[in-house]
Amino acid sequence: MDHSADAQRTDLMTITRFVLNQQSNHPESRGDFSILLSHIVLGCKFLCSAVNKAGLAKLIGLAGETNVQGEEQKKLDVLSNDVFIKALVSSGRTCILVSEEDEEATFVEASKRGKYCVVFDPLDGSSNIDCGVSIGTIFGIYLIKEDHEPTIEDVLQPGKNMLAAGYCMYGSSCTLVLSTGSGVNGFTLDPSLGEFILTHPDIKIPKKGKIYSVNEGNAKNWDDPTTKYVENCKYPRDGSSPKSLRYIGSMVADVHRTLLYGGIFLYPADKKSPNGKLRVLYEVFPMSFLMEQAGGQAFTGNQRALDLVPKKLHERSPIFLGSYEDVEEIKALYAAEE
């Protein structure tokens with residue numbers, strides 16, 4: 001590798017340049033959305049750094065508080081939530097923030113208010129921090145009308161109304177995957193430059209995959225369509241090869257692999273969790289938005305995931321998302337059940 005030549009590369013497609021290029025396609029734009037994204041990117045860089053040195057900085061371990069979901073909070077969870085709220089408020093472009101860690105929505109004071117609502121899980125998969133497994137941040141962005149005082153109803157919209165969604169995965173590399181409604185692009189953080197560089201342009205999920213991703217420890221509580229689907233993955237009746245099981249237990253990592261390699265990610269409802277486990281606003285919606293933008297599908301067992309209309313901030317839903325044909329199979333099984 002020619003490091004001297006590499007050092008001269010300033011023609012890289014950074015995420016800032018990419019977003020500004022997209023902004024130029026909208027002559028009416030004032031740059032508010034670009035500014036908001038730059039603050040989200042800053043939050044992701046900060047967290048990448050914190051995650052990388054978590055063990056050294058004693059950020060691993062419990063903070064002694066319990067979040068709204070009844071989960072004990074890690075020190076890194078508390079930090080990541082603070083980081084994102086400060087980054088989003090200081091952008092001056094947000095009005096309502098909904099975090100997995102906070103029971104109530106945060107309403108931004110009038111002097112710093114903008115026209116965007118951001119829903120986010122600041123550190124998804126945090127139970128995996130201590131063992132070094134990939135974790136990440138998930139976010140979704142809504143635009144609201146500025147003709148009224150912001151209310152909770154401004155956030156309780158179907159996922160199809162989202163303006164943009166993405167996640168940042170902190171693993172062997174730091175990868176930010178983003179869609180603003182016209183395809184999906186992946187950026188990798190170059191630590192030497194401190195910049196996210198476009199490494200996965202126009203991601204398209206394969207039509208059909210060879211991997212299924214599910215927590216089989218819950219199998220005894222599944223409904224019939226899920227049980228039949230997983231059975232078909234292991235023992236295909238059409239003579240095809242069985243699918244491989246891959247399950248990390250960190251949604252960002254599992255969905256990232258599904259997006260790149262194809263296949264299906266399942267978190268179905270079961271007898272213990274009849275409404276599913278994953279939260280609609282900041283887990284199901286952003287990941288479903290990305291999947292559809294990449295040519296895949298997302299299904300709840302009853303309907304298209306992005307058509308759901310949440311009634312409360314931390315509502316949960318079952319989810320099946322991934323390659324188009326794989327999700328078609330599970331849809332057919334649910335249709336047959338009805």
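Numbers here are sequence positions counted from 1. Note that the structure is a prediction, hence the values are computed from the model and not measured.
If you take NZ on K210 and OG on S241, they are separated by 7.5 Å, rounding to the nearest 0.5 Å. The CG atom of D270 sits 9.0 Å away from atom CG of D223, with the distance rounded to the nearest 0.5 Å. We find the CG-OG distance between D190 and S173 to be 11.0 Å, quoted to the nearest 0.5 Å. In this structure, the separation between OG1 on T258 and CE on M251 is 9.5 Å, given to the nearest 0.5 Å. One finds the CG atom of D154 at 9.0 Å from the NZ atom of K145 (value rounded to the nearest 0.5 Å). Note: Y229 OH to I330 CD1 = 6.5 Å, rounded to the nearest 0.5 Å.
In this structure, the side chain of H256 does not engage the main chain of C168 through any donor-acceptor pair within 3.5 Å. Under a 3.5 Å cut-off, the side chain of K243 and the backbone N or O of G263 do not form any donor-acceptor pair. Judged by distance alone, with hydrogens and angles left aside, the side-chain atoms of S91 form a donor-acceptor pair with the main-chain N or O of L88 at under 3.5 Å. Side-chain atoms of D121 never come within 3.5 Å of backbone atoms of T137 as a donor-acceptor pair (strictly under, hydrogens ignored). Side-chain atoms of T188 do not come within 3.5 Å of backbone N or O of T175 as any donor-acceptor pair. Counting only distance, with no hydrogens or angles, the side chain of N81 and the backbone of D77 share no donor-acceptor pair below 3.5 Å. The backbone N or O of C95 sits nowhere less than 3.5 Å from a side-chain atom of R113 that would complete a donor-acceptor pair. Within the 3.5 Å criterion, the main-chain N or O of G249 finds a donor-acceptor partner in the side chain of D254. H314 places a side-chain N or O within 3.5 Å of a backbone atom of E103 that can act as its donor or acceptor partner. Remark: the backbone N or O of G209 is paired with a side-chain donor or acceptor of D326 at under 3.5 angstrom.
A salt bridge links D32 with R30: at least one charged nitrogen is closer than 4.0 Å to a carboxylate oxygen. Under a 4.0 Å N-O distance rule, the pair K228/E231 does not qualify as a salt bridge. For the pair K277 and E283, the salt-bridge criterion is not met [side-chain N within less than 4.0 Å of a carboxylate O]. For the pair R17 and E195, the salt-bridge criterion is not met [side-chain N within less than 4.0 Å of a carboxylate O].
The nearest pair of heavy atoms linking S323 to I205 is N-CD1, 3.4 Å. Nearest heavy-atom pair, I135 versus S250, reported as atom, atom and distance to 0.1 Å: CA-OG, 3.8 Å. Counting all heavy atoms, side chain and backbone alike, T180 lies closest to A164 at CA-CB, 4.0 Å. Scanning both residues, A298 and S288, for their nearest heavy atoms gives CB-OG, 3.3 Å. Of all heavy-atom pairs between C233 and Y212, the closest is CB-CD2, 3.7 Å. Heavy atoms only, all atoms of each residue included: S179 and Q293 are closest at OG-CG, 3.2 Å.
Between F196 and L178 the shortest side-chain heavy-atom distance does not fall below 4.5 Å. Between E100 and I138, every side-chain heavy-atom pair lies at or beyond the 4.5 Å cut-off. At least one side-chain heavy atom of I197 sits less than 4.5 Å from a side-chain heavy atom of T14. Using a 4.5 Å cut-off on side-chain heavy atoms (C-beta onward), V214 and W222 make contact. Residues M13 and P201 form no side-chain contact, since every pair of their non-hydrogen atoms from C-beta on lies 4.5 Å or further apart. Side-chain contact between P150 and I144: present, with at least one pair of heavy atoms (C-beta onward) separated by less than 4.5 Å. Taking 4.5 Å as the limit, every side-chain heavy atom of V252 sits out of range of all side-chain heavy atoms of Y170. A heavy-atom distance below 4.5 Å is found between the side chains of R257 and I248.
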Practice problem: I would like to know whether E101 and V78 meet side-chain contact (heavy atoms from CB on, under 4.5 Å); could you show each step before the answer? | Solution: CA-CA 8 Å; E101 299 294 336; V78 179; over 6 Å; no

Quiz item: Taking it one step at a time, do M287 and L278 satisfy side-chain contact (heavy atoms from CB on, under 4.5 Å)?
Solution: CA-CA 11 Å; M287 294 309 202; L278 297 177; over 6 Å; no

Practice problem: For K234 and E216, run side-chain contact (heavy atoms from CB on, under 4.5 Å): C-alpha distance rounded to whole Å, both residues' side-chain angles, the deciding distance at 0.1 Å, then the answer. | Solution: CA-CA 12 Å; K234 297 178 183 177; E216 290 218 43; 3.0 Å; yes

Practice problem: Apply side-chain contact (heavy atoms from CB on, under 4.5 Å) to M162 and L306, showing your working. | Solution: CA-CA 9 Å; M162 269 185 176; L306 291 180; 5.7 Å; no

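Heavy atoms of other residues, nucleotides or ligands lying less than 6.0 angstrom from OH of Y261 number 12 at most. Atom NZ of K112 sits in a sparse spot, with 12 or fewer heavy atoms from other residues, nucleotides or ligands closer than 6.0 Å. The local environment of CZ in F46 is sparse, with at most 12 non-hydrogen atoms from other residues, nucleotides or ligands closer than 6.0 Å.
Transitive grouping of hydrophobic side chains (ILVMFWY, heavy atoms separated by less than 4.5 Å) keeps F120 and F285 in distinct clusters. V89 is connected to F84 through a chain of hydrophobic side-chain contacts under 4.5 Å among Ile, Leu, Val, Met, Phe, Trp and Tyr, so both are in one cluster. Note on L163: it clusters hydrophobically with V108, by side-chain heavy-atom contacts below 4.5 Å among ILVMFWY residues. Hydrophobic clustering (side-chain heavy atoms under 4.5 Å, transitive across Ile, Leu, Val, Met, Phe, Trp, Tyr) keeps Y167 apart from F33. Hydrophobic clustering, with ILVMFWY side chains joined whenever heavy atoms are under 4.5 angstrom apart, groups L189 together with F139.
Under 3.5 Å, the side chains of E109 and S111 contain a donor-acceptor pair of N or O atoms. S240 and D238 share a donor-acceptor pair across their side chains, judged by distance under 3.5 Å alone.
F18 pairs by the ring pair (Phe, Tyr, Trp, His ring centres under 6.0 Å) definition with F187, not counting sequence neighbours.
A side chain to side chain contact (heavy atoms under 4.5 Å, CB included) with L156 is found for one member of V98, L313, V309 and no other, namely L313. Each of E292, E328, E325 was scored for a side chain to side chain donor-acceptor pair (under 3.5 Å) with Q297, with one residue passing: E328. Each of I152, T94, L281, I96 was scored for a side chain to side chain contact (heavy atoms under 4.5 Å, CB included) with C117, with one residue passing: I96.
Aromatic ring pairs are classed by plane angle as parallel below 30°, tilted from 30° to 60° and perpendicular above 60°; the pair Y334 and F299 is perpendicular.
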